[in-house]
Amino acid sequence: MFTMVRFVTLFHQAVLQGIPILYGSTGEILTEKSGHLNLGIPGVMYFGAISGVIGAFLYENNVPTGEALNPVLAILIPMLSAMLGSLLMGLIYCFLTVSLRANQNVTGLAITTFGVGFGNFFGASLVKITKSEVPSLALPRTSLLFQTQLPFADKLGVFGQLFMSFGFMTYLGVLIAILAALFLRKTRTGLHLRAVGENPATADAAGINVNRYKYSATCIGSMIAGLGGLFYVLDASNGIWANGAFGDRGWLAIALVIFVVWRPDLGVPGSIVFGFLYISYLFIDGLPMRASELFKMAPYIVTIIVLILTSVRKNREHQPPASLGLSYFREER
Amino acid sequence: MQAAPAIELKGVTKTFGHVVANKNVNLEVRRGEILAILGENGSGKTTLMNMISGIYFPDEGQIFIDGQEVTIRSPKDAFNCGIGMIHQHFKLVDLFTAAENIILGVNDGKKYNVKEAAVRVQEIADRYGFILDPNKKIYDMSVSEKQTVEIIKVLYRGADILILDEPTAVLTPQETGRLFSVLRNMRDDGKSIIIITHKLHEVLSLSDRVSVLRKGEYIGTVNTAETNENELTEMMVGKKITLNIDRPEPKNMKNRLVINDITSVDAFGHTVLDHVSFIARSGEILGIAGIAGSGQRELLEAIAGLQQLRSGEIVYYDPKIDIAVDAEKASEEELQTLIAEDNLILRDPETRVRADLRGKTKAELERMQAGGAAFVRHPRVNLRDKTPTEIREMGVRLSFVPEDRLGMGLVGNMDIIDNMMLRSYKKGMSVFVDRKNPRNLAEEIISELEVVTPGPTTPVRRLSGGNVQKVLVGREIAANPKVLMAAYPVRGLDINSSYTIYNLLTKQKESGVAVIFVGEDLDVLVELCDRILVINSGRVTGLLDGRSATKEEIGLLMTKTDDRQEGEADGSAE
């Protein structure tokens with residue numbers, strides 16, 4: 001039966017599924033606003049996740065079992081490692097597309113292949129180091145810190161259960177999305193960034209350093225996306241890394257960008273909708289495993305419908321940045 | 001002692017690879033002065049201005065601002081020197097409002113506030129007499145509004161040296177007039193203005209002094225008040241040329257192509273052709289005037305079979321085929337329809353003069369027939385919804401010189417012979433294509449139209465714009481058309497090549513071709529065309545007689561918003 005309790009559980013699930021996608025799409029929106037179609041986001045997120053896991057693993061393994069982890073270090077080390085790892089991927093992407101003017105699509109797909117392959121390699125190595133019997137790696141103590149919910153969550157009844165019962169990175173993701181929206185709409189730098197993505201020649205003529213904006217937006221976007229990968233492992237999956245478990249969430253992040261028509265603030269409800277769609281098979285009792293995979297297509301189908309709707313409506317405001325995917329060279333004559 | 005000039009260039013040289021774009025150019029502009037830089041396309045005007053505005057860096061030479069030598073390495077340096085450039089192709093972000101575009105890249109240390117900026121923009125607009133809504137999005141703006149945004153953009157940055165690159169190319173005469181009065185206001189306010197143009201009458205009416213460039217070289221500077229059109233042309237072209245277009249009276253006009261109430265919608269659902277009707281007649285040049293993007297391209301493409309139509313018909317009267325009409329057997333109604341369509345022709349082998357049959361009744365026609373006259377009509381072919389191949393296979397001789405020469409007209413990577421073959425490769429029954437005739441044709445075009453090329457096997461993309469156009473026009477004319485359509489055939493061409501093209505069109509007209517000429521230079525349209533059709537947003541807003549029409553009249557019709565004009569357009573020239 002569909003009860004309130006059931007809804008609270010499903011909502012919780014949906015948010016946990018949605019937040020990694022939200023991080024990914026916020027990062028991708030910032031990147032795309034600079035005119036970069038970074039199809040490497042799945043790889044960046046994967047790479048961010050494994051980098052964070054390596055950091056967390058090194059720290060957790062150096063603290064003897066039974067002793068408490070230093071909460072500040074246990075949180076900062078994985079987050080910084082994840083950001084550093086994804087920053088590296090962003091830099092590779094920028095170097096290839098901006099400095100060497102490589103094709104953005106090819107570069108992006110290469111980054112995805114590279115990130116996933118790299119992640120799987122180190123994931124498997126870590127599993128080997130721990131001599132685990134199952135092909136996965138558990139970071140229970142770090143994960144517990146990431147999952148710590150707000151202290152007053154229990155006192156607020158259903159509201160508390162619905163909105164206050166998450167780990168801090170959930171709120172961080174929402175905060176980053178809202179800040180990104182404010183940044184794009186309300187600041188001079190945001191205006192400049194949008195100009196770079198819409199019309200780099202115009203931005204250049206206006207004295208804006210196009211390459212710097214492209215580099216910064218892509219690298220910062222990658223770092224945000226990388227945190228999404230970390231969130232998935234340390235919060236949503238209870239600190240268990242298994243090769244390939246991250247699945248298609250990176251592609252969902254790119255789909256979400258389209259779904260929310262390049263608006264990070266809409267990404268917040270959008271990601272929860274995607275989360276719901278992604279777990280929609282849970283709504284039907286006794287669904288066989290095979291059928292549940294079919295339901296996981298729902299977010300993509302919705303994205304396609306959104307694409308159709310926005311194309312049919314032709315609203316100028318809801319289109320991708322005009323120079324998305326195009327390289328910019330100045331001295332061309 | 002005279003104050004130092006606002007900006008002075010000494011010995012500026014810029015090369016791109018082996019191409020010398022500017023060679024040893026010297027220039028000076030004073031405060032409160034309008035200097036025109038005159039030169040043909042490709043004479044290096046734009047490159048020169050790009051160096052002043054920081055887009056390119058000169059290889060040699062010095063630039064002085066108020067007597068101080070400066071180095072301008074980026075657009076930012078140029079702003080800091082008080083230089084603002086208004087590009088020919090607007091550098092605006094479509095999705096932003098006017099105010100957002102104007103403050104783009106400005107970092108005055110103040111808090112970012114679009115609303116305050118909009119107020120300042122409005123102040124600047126009011127001060128010089130611009131009309132602008134700072135909160136309007138660029139994609140909703142007309143070309144002239146966009147230009148206003150560009151000008152205010154540089155004023156907002158505090159520029160006192162303004163460079164305008166071909167500012168009137170896209171404006172109607174009325175808009176040009178308004179722009180010039182604003183520019184004069186700015187000059188009187190102490191600004192220095194450089195205007196780049198190749199239109200002589202604008203130079204003469206606006207500027208204080210004129211500097212002339214030719215093939216990248218600086219020719220000299222003259223005071224506008226002390227010069228005239230001929231002297232300037234001579235400086236610009238390097239030799240004396242006459243700038244008159246020969247316009248013989250049209251002869252033997254017959255309806256060749258009747259466009260009847262056609263409507264077309266583009267992929268975005270916008271109506272691009274809205275109930276357009278007109279008639280193209282043999283032996284005359286029909287000019288089509290309108291602001292860029294008013295449906296000119298769609299109209300020609302519709303005739304050529306490249307555009308889907310919602311409604312209407314395109315009727316071609318095939319002059320190669322005569323069908324005898326027996327006045328006795330035909331009904332009165334049939335005869336009157338033929339007369340109304342201008343398709344009942346009196347065959348008189350002796351005089352070959354076409355008698356006017358309008359107003360004649362069946363009885364009169366029968367009497368004429370009894371007296372030995374013979375009547376014929378041409379078959380009526382509807383071109384609507386036919387592909388270009390089908391049109392050609394029906395024997396309709398249509399030639400089309402599209403706007404996009406190297407996209408739609410010619411293949412840039414193929415040589416002149418191969419490009420000739422694009423029109424003839426289907427001829428003959430052999431498995432192998434015929435290369436001999438196309439080669440002869442290519443050589444003929446090269447020699448007759450004086451195409452500058454190393455040979456017929458040079459890829460056309462290596463030719464200059466004018467020569468590419470000659471190849472294309474030459475090929476289309478060689479197809480021996482009955483209808484010749486040319487869209488902006490002189491765009492980007494130097495004066496000599498332009499006049500060659502005009503003469504070719506006139507020659508075609510004299511040989512009985514119905515010529516449709518889409519042009520942007522209204523001075524040329526009123527000199528070349530027999531009739532001028534004006535369109536605005538896909539609608540016909542007027543049909544004028546080329547011999548009596550004025551630019552101002554055309555300009556008004558180009559921007560007219562009243563839509564009750566269609567009925568008038570069909571018949572006013574009859």
Side-chain angles (χ1 to χ4, degrees), chain A residues 29 32-35 179 181-214 216-217 261-263 307-324 326 328-333, chain B residues 14-17 19 21 46-47 50 53-57 73-80 83-87 89-97 99-115 117 137-140 146 149-150 153-154 156-157 266-270:
Chain A
I29 289 172
E32 292 199 8
K33 285 288 177 186
S34 77
L179 287 180
L182 289 176
F183 163 75
L184 286 174
R185 219 175 312 152
K186 297 278 180 199
T187 66
R188 195 188 302 275
T189 324
L191 180 79
H192 291 182
L193 177 63
R194 283 188 288 143
V196 168
E198 288 292 331
N199 193 336
T202 296
D204 193 16
I208 295 169
N209 188 333
V210 173
N211 285 355
R212 194 162 75 201
Y213 270 86
K214 284 189 168 240
S216 313
V261 292
W262 289 265
R263 281 183 53 185
L307 263 179
I308 293 170
L309 289 179
T310 50
S311 314
V312 169
R313 283 185 53 220
K314 282 158 209 121
N315 186 329
R316 290 293 299 257
E317 307 289 334
H318 294 162
Q319 299 300 324
S323 78
L324 185 64
L326 307 175
Y328 174 65
F329 326 111
R330 184 201 282 181
E331 269 288 321
E332 206 170 42
R333 206 183 101 106
Chain B
K14 176 79 186 171
T15 55
F16 294 97
V19 183
T46 303
T47 308
N50 277 338
S53 60
I55 306 271
Y56 302 140
F57 189 72
R73 286 203 167 271
S74 70
K76 224 174 197 160
D77 292 346
F79 297 148
N80 294 339
I83 300 168
M85 171 127 178
I86 292 104
H87 294 271
H89 305 288
F90 301 137
K91 301 218 177 219
L92 296 170
V93 179
D94 277 351
L95 209 58
F96 290 4
T97 64
E100 282 176 326
N101 264 293
I102 288 165
I103 59 170
L104 192 67
V106 178
N107 213 337
D108 44 13
K110 270 186 262 166
K111 206 174 152 279
Y112 171 77
N113 187 335
V114 181
K115 274 188 197 132
K137 296 264 185 177
I138 301 296
Y139 60 73
D140 281 332
K146 288 182 194 173
V149 176
E150 283 280 8
K153 190 159 95 179
V154 301
Y156 186 92
R157 284 168 168 72
D266 71 3
F268 291 97
H270 301 132

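Note on naming: letters A, B, ... go to the chains in the order of the sequence lines (proteins, then strands), and numbering restarts at 1 for each one.
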Practice item. Go through the atoms of B/Leu104 and report whether side chain, backbone, both or neither lie under 4.5 Å from a heavy atom of chain A. Key: both
Review point. Given a strict heavy-atom distance threshold of 4.5 Å, which part of A/Glu317 is in contact with chain B: side chain, backbone, both, or neither?
Key: both
Study note, to complete from the structure: Between A/Gly207 and B/Lys76, the two heavy atoms sitting closest are O-NZ, 3.5 Å
**Study point:** Nearest-0.5 Å distance that lies between atom CD in A/Glu198 and atom CG in B/Asn101
**Key:** 10.0 Å
Exercise for review: Go through B/Tyr112 and A/Thr189 one step at a time and tell me if the side chain to side chain contact (heavy atoms under 4.5 Å, CB included) criterion holds.
Suggested key: CA-CA 9 Å; B/Tyr112 171 77; A/Thr189 324; over 6 Å; no
Review point. Most heavy-atom pairs under 4.5 angstrom with chain A, which of B/Glu100, B/His89, B/Lys153?
Key: B/Glu100
Check your understanding: Can any side-chain N or O of A/Arg194 pair as donor or acceptor with the backbone N or O of B/Leu95 at less than 3.5 Å?
Key -> no
Review point. Heavy-atom distance under 4.5 Å to chain A: side chain of B/Lys137, backbone, both or neither?
Key: side chain
Check your understanding: Checking A/Ile208 against chain B: side chain, backbone, both or neither under 4.5 Å from a heavy atom?
Key -> side chain
**Study point:** Close side-chain approach of A/Asn199 and B/Lys91, heavy atoms under 4.5 Å
**Key:** no
Point to revise | 4.5 Å side-chain heavy-atom contact, B/Phe90 and A/Thr202 | key: no
Study note, to complete from the structure: Looking only at B/Val106, B/Asn113, B/Val114, most heavy-atom pairs under 4.5 Å shared with chain A are made by B/Val106
